[in-house]
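Below, each value reflects all heavy atoms present in this structure, side chains not excepted, and no hydrogens, waters or symmetry copies. No experiment lies behind these values; they were computed from the predicted model shown.
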Amino acid sequence: MKKLHVLLVDDEIMIREGFKRLFDWEAHDCEVVGEAADGMEALAKIDMLQPDIVIMDINIPIMSGLKVIQLCRIKHPKTAFVIVSGYDDFSYCQQALRLQITDYILKPVNYEEFGSCIDNLKISLYENRVVNEPMQQEERTINGLTRYMQEHLSEEITLSVLAEEFHLNAQYISQLFKNEIGVGFLAYLTNIRLEKAKKLLLSTALPIADVAEQSGYGDYRVFTKVFKKAEGITPSQYRRDFLERK
């Protein structure tokens, strides 16, 4: 199991040393990978190290901890932030909650309670990884499938062809199109073929039969029928209308 990377942010070196020496990070599957003493340094370290967890004081020089978190939320949405502060102030807690802080811990730190916080956070982060990794894999797969289709549009493209090319189950590919794109495989294929045909009709003087072939239709009569059903006019009329408007 990969250790979670932790960044410590506090302007007091003794506080940072306390976290490193008094808390058993190893036992909680964590590793301290960096430290920062002010807001600007914290921003730079978060960008550079991309830690899983940031333990941060609110009252740090140059830029407050809450401002750092606010700026990091867009660039680093998966980073978890734990506020450690000497201020038992409700307004600080409200701001922290609005920024979706994982926890708000008061100084002096009770390391037993802190350990429970880290363990709960660790479980949450691992669960998110388990959920997100299959989603990311499916996204990469559908991107590969659609790129292949665009690059081989003039060739025969079927679920069986894609299944063989990508070593996947045809039914799985079919479901992937519905889940990731929101339309069926055939509807998507027809759409990209017609888009290619329209570009060729408007940008070239190719005969209709050649446009059909380059768009993946071996029979121009089938192409004309599909085109008319989608656009309401024939390919020839589509080209004429465009030229008349120029």
Side-chain angles (χ1 to χ4, degrees), residues 1-2 47-48 50 52 71-80 100 124-246:
M1 186 179 290
K2 177 182 174 291
D47 282 343
M48 180 175 67
Q50 299 190 27
D52 300 294
L71 292 173
C72 286
R73 271 293 169 229
I74 296 174
K75 288 177 70 177
H76 307 284
K78 295 179 183 177
T79 301
Q100 297 178 315
S124 175
L125 288 170
Y126 281 134
E127 283 177 348
N128 286 338
R129 282 182 182 175
V130 169
V131 169
N132 288 331
E133 281 174 10
M135 292 172 64
Q136 291 167 356
Q137 180 59 43
E138 287 190 350
E139 196 173 297
R140 286 193 293 269
T141 302
I142 199 72
N143 286 341
L145 290 165
T146 54
R147 191 183 311 113
Y148 176 89
M149 291 168 73
Q150 291 283 2
E151 292 171 356
H152 298 80
L153 211 51
S154 62
E155 303 169 20
E156 181 187 26
I157 301 175
T158 64
L159 284 172
S160 298
V161 168
L162 292 178
E164 186 174 346
E165 183 69 28
F166 287 84
H167 308 290
L168 295 170
N169 179 277
Q171 186 60 41
Y172 170 74
I173 295 173
S174 176
Q175 195 61 48
L176 205 54
F177 272 90
K178 290 176 184 174
N179 293 344
E180 295 292 319
I181 299 180
V183 298
F185 161 76
L186 193 56
Y188 179 80
L189 177 60
T190 300
N191 183 65
I192 62 173
R193 279 187 162 157
L194 290 178
E195 287 303 310
K196 173 74 177 291
K198 284 190 277 187
K199 286 179 183 176
L200 291 173
L201 288 168
L202 302 185
S203 62
T204 73
L206 285 171
I208 301 301
D210 290 351
V211 170
E213 188 175 347
Q214 289 193 29
S215 304
Y217 292 94
D219 188 333
Y220 80 92
R221 290 167 297 186
V222 173
F223 165 65
T224 300
K225 185 178 179 181
V226 173
F227 192 97
K228 188 174 182 180
K229 183 178 179 182
E231 301 296 323
I233 55 177
T234 65
S236 300
Q237 186 63 51
Y238 183 85
R239 175 182 273 167
R240 270 200 307 274
D241 288 351
F242 173 74
L243 292 174
E244 287 170 2
R245 288 196 301 268
K246 289 182 70 176

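- Residues passing the salt bridge (charged side-chain N to carboxylate O under 4.0 Å, His left out) test with Lys198 are Glu195, Glu231, sequence neighbours excluded.
- In this view, Arg240 satisfies the salt bridge (charged side-chain N to carboxylate O under 4.0 Å, His left out) rule with no residue, not counting sequence neighbours.
- A 6.0 Å sphere centred on CD of Gln214 holds more than 12 heavy atoms belonging to other residues, nucleotides or ligands.
- Residues meeting the side chain to side chain contact (heavy atoms under 4.5 Å, CB included) test with Met135, sequence neighbours left out: Val131, Asn132.
- Residues meeting the side-chain hydrogen bond (donor to acceptor under 3.5 Å, both in side chains) test with Asp210, sequence neighbours left out: none.
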Below 3.5 Å, can you tabulate the donor-acceptor pairs from side chains in residues 139-146 to any protein atom, sequence neighbours excluded?
residue: Arg140; atom: NH2; partner: Gln137; partner atom: OE1; Å: 3.0
residue: Thr141; atom: OG1; partner: Gln137; partner atom: O; Å: 2.9
residue: Asn143; atom: ND2; partner: Glu139; partner atom: O; Å: 3.3
residue: Thr146; atom: OG1; partner: Ile142; partner atom: O; Å: 3.0
residue: Thr146; atom: OG1; partner: Asn143; partner atom: O; Å: 3.1

Which donor-acceptor pairs under 3.5 Å do side chains of residues 170-177 form with protein atoms, sequence neighbours excluded?
residue: Gln175; atom: NE2; partner: Asn179; partner atom: OD1; Å: 3.3

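- Looking at residues two or more places apart in sequence or on another chain, you find no salt bridge (charged side-chain N to carboxylate O under 4.0 Å, His left out) involving Lys178.
- With sequence neighbours excluded, no residue forms a side-chain hydrogen bond (donor to acceptor under 3.5 Å, both in side chains) with Arg147.
- A distance of 4.5 Å separates CG of Asp241 from CD of Gln237, quoted to the nearest 0.5 Å.
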Please tabulate, for the side chains in residues 215-227, all donor-acceptor contacts under 3.5 angstrom to protein atoms that are two or more places apart in sequence or on a different chain.
residue: Ser215; atom: OG; partner: Ala197; partner atom: N; Å: 3.4
residue: Ser215; atom: OG; partner: Val211; partner atom: O; Å: 2.8
residue: Asp219; atom: OD1; partner: Arg221; partner atom: N; Å: 2.8
residue: Asp219; atom: OD1; partner: Arg221; partner atom: NE; Å: 3.2
residue: Asp219; atom: OD2; partner: Arg221; partner atom: NH2; Å: 3.4
residue: Thr224; atom: OG1; partner: Tyr220; partner atom: O; Å: 2.8

Expected list for residues 150-162: side-chain donor-acceptor pairs under 3.5 angstrom, two or more places apart:
residue: His152; atom: ND1; partner: Tyr148; partner atom: O; Å: 2.9
residue: Thr158; atom: OG1; partner: Ser160; partner atom: N; Å: 3.3
residue: Thr158; atom: OG1; partner: Val161; partner atom: N; Å: 3.1

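- Leu189 is listed as a side-chain neighbour of Arg193, based on a closest heavy-atom distance under 4.5 Å.
- Looking at Arg239, its side chain does come within 3.5 Å of a backbone N or O of Thr204 through a donor-acceptor pair.
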